[in-house]
S.K.: 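Handing you a structure now.
Labels below follow one simple rule: chain letters A, B, ... track the order of the sequence lines, proteins then strands, and each chain is numbered from 1.
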Amino acid sequence: MQYLTKNAEIKEVIGKLAAAKTLWLDTETAHWNAPDPKISLIQVLAEPEDLTGDRAYIIDVLNKPDLVEEFISQVMENPEIEKVFHNAKYDVKFLGKERAKNVTCTYKIARKRKRARLQVPNLQLKTLAEHLCHFSNVDKSEQASDWGQRPLTPKQLQYAKMDVVYLAQVHRRLLEIINLAESDNIVNLAQTVNNNFTPTKVRLAFECPRLFYLHQRFGGNTLFLPKDAATGIGKAFHNLAEQFVNLAQKSLEFKNLFEPAAEQLKVEQIALRMQQLFYRLAFYPYLHQQEQSLAPGILRIWEGLQGLIRRWAELLVVNRRYCSAETVMNKTFVTQSRKLEHNFNLPDGSQQRVVGEFDCLIYNCERDRLCVVEFKTYKPEDTSAQLAQVSLYSYMLKEKQNVPVDSAVYCVLPEFKEYYYPWEQLENTVHSLIPHKLQQMRQWLTWESGQPNPPPSTIQPHLCQICPQREKCQTFFDVADGNDREAEPPI
DNA sequence: TTATGCTTTATAGCGCACCG
DNA sequence: CGGTGCGCTATAAAGCATAA
């Protein structure tokens, strides 16, 4: 350690320090409690690998404002020199304030990273030196001693030199820790990409892996629509169907329909009354808040709703035998969160998360079964893919609540038609088909143009004729895999 | 494509920990 | 003691991802 008290040697050292790239600095002040504290020492370390403080300078600047000024102008103002302090604000107050350039504060760094990684009780330099570096028995007892006295005690000088040693080490460790944390963040960020599948995507992958691939990579439509593009019908229907459930549960008029004894209830009559009620309470108001442009579609929606209500009337009449008029609605229409998620174990040992939400959940008292309902507002072209989709809903709900769950698909347009899949049938589908399919889907998505084994085209040639991305599929896969199309079934 | 909800961003106030 | 500025919290707004 060099303890500098003579003006000439101090000036010489300041001149040397002015050429440094980085300096680790600390100051001691006298009379910190008084109205005008005075700076007493400037400790400087230019060689951070010094663990003993032997290479540290202790510059005595008590009552030497001209030397302080020289230090400020030569070192503090020089933006080429990085000045590292702990709680820099305090020291900089005595060393040029806003004139100081390129100042680093380890206290600030530590605060920024405290929550993320640092496991320390507090952020004092002493604590950081002990917890982050290999120092023990860091003595801070001199910190608040009288730095205005001369001569300074050996203990004070020892403390003064070690402070910058701790500072340099703590600074180095903090930078290491930051780098670690940031590279971790990058990794985490990269893994945040969407790697979930949904039952809808699984259905699509069953219908046509290529369409699934194109949609996933480039977006675009996925619906196999025959020709009449009945736009917006699906959304409107889903909304209205949900409104019906809400109304049925809340409105007394619906409840009153089921007051008579179960044997006296006639499905046709109930259905008609519910249709009328729904028309008056929900559909008519809906009609009038819509633009007239939907007029052609709106009629079809009403037809679909009538079919739906008719079907539900049957179910309600059955359920009425098992419960009261008050409870039949709440019992039949299960309104809980429709969101589902499940991690599937794949054949290759990995896992795949599937998330999704179903349309509607009903309960059949007679069968003592829940049933997930999926609405379709167009003619289904591939019922096995549809089965795959609803089997996922059933399975995921069953896993969540640990009761068997049936599935139904209501094709409400062009006329009401129901597909019903009892759980016993679905369970087998899920176990035998889904894990393999999920694994395939994952592989398909990693396929790049030019590689072998592209996602195969649908095995149902008639779908290609109504495929919404027919041209894209042809050009993309023709270029990528010229002779592959030859192997496909003729359309 | 659209509705929904979760995430990010914006804003502001406040307490607190740091230095000697 | 005293100045400071960061992070935490609460709240609101905007953006983004996602599901069908």
Side-chain angles (χ1 to χ4, degrees), chain A residues 25-43 62 84-95 97-98 103 105-116 118 120-129 140-149 152 156 159-160 163-164 166-167 170 189 192-204 215-216 219-223 225 229-239 241-242 337-341 353-360 372-378 386 389-390 392-393 396 409 468:
Chain A
L25 299 166
D26 188 28
T27 60
E28 307 301 327
T29 50
H31 320 131
W32 55 268
N33 229 348
D36 59 333
K38 286 193 289 190
I39 184 164
S40 167
L41 298 181
I42 304 173
Q43 305 103 284
L62 186 67
V84 183
F85 296 88
H86 194 69
N87 197 26
K89 205 74 203 177
Y90 181 83
D91 303 275
V92 168
K93 224 173 13 180
F94 300 95
L95 294 176
K97 303 187 180 172
E98 58 281 345
V103 171
C105 178
T106 49
Y107 176 55
K108 272 194 202 174
I109 297 175
R111 278 179 63 145
K112 214 168 268 172
R113 286 292 150 186
K114 182 174 167 74
R115 196 167 51 117
L118 299 183
V120 290
N122 62 59
L123 302 180
Q124 297 171 19
L125 183 61
K126 165 188 162 75
T127 313
L128 296 180
K140 273 279 185 183
S141 59
E142 297 300 318
Q143 184 179 44
S145 64
D146 180 4
W147 294 98
Q149 70 178 354
L152 295 166
Q156 281 180 307
Y159 165 83
D163 242 10
V164 280
Y166 299 145
L167 175 65
V170 165
L189 225 60
T192 314
V193 296
N194 166 30
N195 39 19
N196 292 342
F197 287 144
T198 70
T200 309
K201 283 182 186 154
V202 174
R203 166 169 60 76
L204 180 59
H215 177 255
Q216 197 73 15
N221 294 334
T222 60
L223 233 48
L225 282 178
T231 54
I233 285 192
K235 182 191 58 172
F237 182 87
H238 281 78
N239 278 340
E242 198 177 334
S337 168
R338 308 201 304 264
K339 289 187 193 310
L340 293 170
E341 68 169 89
R353 207 165 92 97
V354 175
V355 301
E357 50 186 295
F358 52 79
D359 285 340
C360 181
V372 166
V373 179
E374 175 75 8
F375 299 133
K376 289 267 174 288
T377 51
Y378 53 90
Q386 174 180 285
Q389 179 184 11
V390 293
L392 275 171
Y393 291 133
M396 288 160 76
V409 178

S.K.: Would you tell me if any nitrogen or oxygen in the side chain of A:Tyr107 comes within less than 4.0 Å of OP1 or OP2 on C:dG7?
M.R.: no
S.K.: Assess, by modelled atom type and distance only, whether the side chains of A:Asp26 and A:His86 contain a donor and an acceptor separated by less than 3.5 Å.
M.R.: no
S.K.: Base, sugar-phosphate alone, or nothing: which one does A:Asn122 contact when heavy atoms must sit under 4.0 Å apart?
M.R.: sugar-phosphate
S.K.: Answer yes if the side chains of A:Tyr159 and A:Ser145 hold a donor-acceptor pair under 3.5 Å, and no otherwise.
M.R.: no
S.K.: Whole Å only: how far is the CZ atom of A:Phe358 from the P atom of B:dT4?
M.R.: 17 Å
S.K.: Taking atom types as modelled and ignoring hydrogens, do the side chains of A:Gln156 and A:Glu28 form a donor-acceptor contact shorter than 3.5 angstrom?
M.R.: no
S.K.: To the nearest 0.5 Å, tell me how far A:Tyr393 OH sits from A:Leu340 CG.
M.R.: 8.5 Å
S.K.: In whole angstrom, what separates A:Asp36's CG from C:dG2's P?
M.R.: 13 Å
S.K.: By the 4.0 Å heavy-atom rule, please label A:Phe94 as base, sugar-phosphate, or nothing.
M.R.: nothing
S.K.: Compare the minimum distances between each of C:dA20, B:dC19, C:dC1 and the side chain of A:Gln124, then state the nucleotide with the smallest one.
M.R.: B:dC19
S.K.: If you compare every side-chain N and O of A:Asn87 against the phosphate oxygens of C:dT4 (OP1, OP2), does one of them come in below 4.0 Å?
M.R.: no
S.K.: Nearest to the A:Thr200 side chain among C:dA20, C:dC1, B:dC19, which nucleotide is it?
M.R.: C:dA20
S.K.: Among the nucleotides C:dA19, C:dC1, B:dC18, which one has an atom lying closest to any side-chain atom of A:Asn33?
M.R.: C:dC1
S.K.: Kindly say if A:Lys108 contacts the phosphate of C:dC6, meaning a side-chain N or O under 4.0 Å from OP1 or OP2.
M.R.: yes
S.K.: Which nucleotide, C:dA19, C:dA20, C:dG5, lies nearest any side-chain atom of A:Lys89?
M.R.: C:dG5
S.K.: Base, sugar-phosphate, or nothing for A:Asp163, non-hydrogen atoms under 4.0 angstrom?
M.R.: sugar-phosphate
S.K.: Which part of the nucleic acid, if any, lies within contact of A:Thr27, taking any heavy atom under 4.0 Å across all strands shown: a base, the sugar-phosphate backbone alone, or nothing?
M.R.: sugar-phosphate
S.K.: Which residues pass the salt bridge (charged side-chain N to carboxylate O under 4.0 Å, His left out) test with A:Lys97, sequence neighbours left out?
M.R.: none
S.K.: To the nearest Å, how far apart are A:Glu98 CD and C:dT4 C1'?
M.R.: 14 Å
S.K.: Atom CH2 of A:Trp147 and atom C1' of B:dC19: how far apart are they, to the nearest Å?
M.R.: 13 Å
S.K.: Nearest to the side chain of A:Thr198, heavy atoms from C-beta on, is which of B:dC19, C:dC6, C:dA20?
M.R.: C:dA20
S.K.: What is the separation between atom CD on A:Glu242 and atom P on B:dA3, rounded to the nearest whole Å?
M.R.: 13 Å
S.K.: Figure out the OH/C1' separation between A:Tyr393 and C:dA20, and round it to whole Å.
M.R.: 7 Å
S.K.: For the side chain of A:Arg111, starting at C-beta, report the closest nucleotide among C:dA19, B:dA17, C:dA20.
M.R.: B:dA17
S.K.: Base, sugar-phosphate, or nothing for A:His86, non-hydrogen atoms under 4.0 angstrom?
M.R.: sugar-phosphate
S.K.: For A:Lys376 and C:dA20, give me the distance from atom NZ to atom C1', rounded to whole Å.
M.R.: 9 Å
S.K.: Measure CD/A:Glu341 against C1'/C:dA20 and give the value in whole Å, please.
M.R.: 18 Å
S.K.: Give a yes or no on whether a salt bridge exists between A:Glu374 and A:Arg203, defined as a side-chain N under 4.0 angstrom from a carboxylate O.
M.R.: no
